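Just below is one structure, and these are the notes that go with it.
Worth saying up front: this structure is predicted, and the values here are computed from it rather than measured. Just so it is clear: chains get the letters A, B, ... in the order the sequence lines come, proteins before strands, and each one is counted from 1.
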Number of protein chains: 2
Amino acid sequence: MRNHAADAKVFKAFCDVNRLQILEQLRTGEKCSCVLLEKLQISQSTLSYHMKILCDSGVVIGRSEGKWTHYGLSRDGCRYARELLEILTGENASTGNCCSCKK
Amino acid sequence: MRNHAADAKVFKAFCDVNRLQILEQLRTGEKCSCVLLEKLQISQSTLSYHMKILCDSGVVIGRSEGKWTHYGLSRDGCRYARELLEILTGENASTGNCCSCKK
DNA sequence: ATCACCCATTGACTTTTTTCGATTTGAGAG
DNA sequence: CTCTCAAATCGAAAAAAGTCAATGGGTGAT
């Protein structure tokens, strides 16, 4: 029996347009906020808000270095998300017809 | 260049606790609304709302039969969701260090 | 110490999502 | 045709998510 709240948190990362744009930027490697921000139409505080959600989901990791914070995809977090989706939708799921509706 | 709004729609299916519970029920085969409802703490109209979102995401398909509508996982829709996540998080994504921050 | 810069947090506001009761629609059954 | 039942839709309210400007905290440069 799964923890649905925890699972939902993981997929929160992928259900917002701005976050998908951020993830797209991260696919080519680590970026710091200032660089991410250049290609987005949002304020700095809004970006920070989204980065928090991405980090909380486990898909992204932040790495502090001096003044900067570098964000990158978490290999483990990404794999976990894919495994989760596999569990939820995997081919082993039954697609048989319904028999529960007592006509 | 991806259509982020369309992609976000797919993952909307997985980022809500009630919808995850519904998907869990559907893993064991088709169910009609009345059966799904029994195991959820929501009203009939709310369930209908969630079923619409699930169907719009492509992950679930509704099949009308007389008075009943049977809902089931869409094999194609589920595969598409997994492929999408693979593209967004796949191992081919770079995890190299940032070089864009001119120190 | 002071300044400039990067980023997180706060508080207020707007927008979107979720929820429900009531109503409507559509499909058998009598 | 009328009645009943399953499910969708509507309208309104509540809850949650997203947004920004302003502020604060930490770091490195001067």
## Note on the structure
Of the listed D/dG28, D/dT9, C/dC7, the closest approach to the A/C32 side chain comes from C/dC7
Could you pull out the closest heavy-atom pair between [X] and [Y], with the gap in Å?
X	Y	result
B/G62	B/Y71	CA-CD2, 3.7 Å
B/T46	B/S43	OG1-OG, 3.0 Å
A/K31	A/Q25	NZ-O, 3.3 Å
A/I53	A/K12	CG2-CB, 4.5 Å

Whole Å only: how far is the [atom1] atom of [X] from the [atom2] atom of [N]?
X	N	atom1	atom2	answer
A/K67	D/dT27	NZ	P	12 Å
B/E38	D/dA7	CD	C1'	15 Å
B/M51	C/dT18	CE	C1'	16 Å
B/L36	D/dA8	CG	P	11 Å
A/L37	C/dC5	CG	P	15 Å
A/L40	C/dC7	CG	P	13 Å

### Derivation of the side chain to side chain contact (heavy atoms under 4.5 Å, CB included) call for B/D16 and B/H50
CA-CA 9 Å; B/D16 175 89; B/H50 284 299; 3.6 Å; yes
### Message
Base contacts versus sugar-phosphate-only contacts with protein, heavy atoms under 4.0 Å: please encode nucleotides 16-22 of chain D as B, S and - from 5' to 3'.
### Response
-SBBBBB
#### Entry: Residues in salt bridge (Lys or Arg N to Asp or Glu O under 4.0 Å) contact with B/E83, at least two apart in sequence or another chain
none
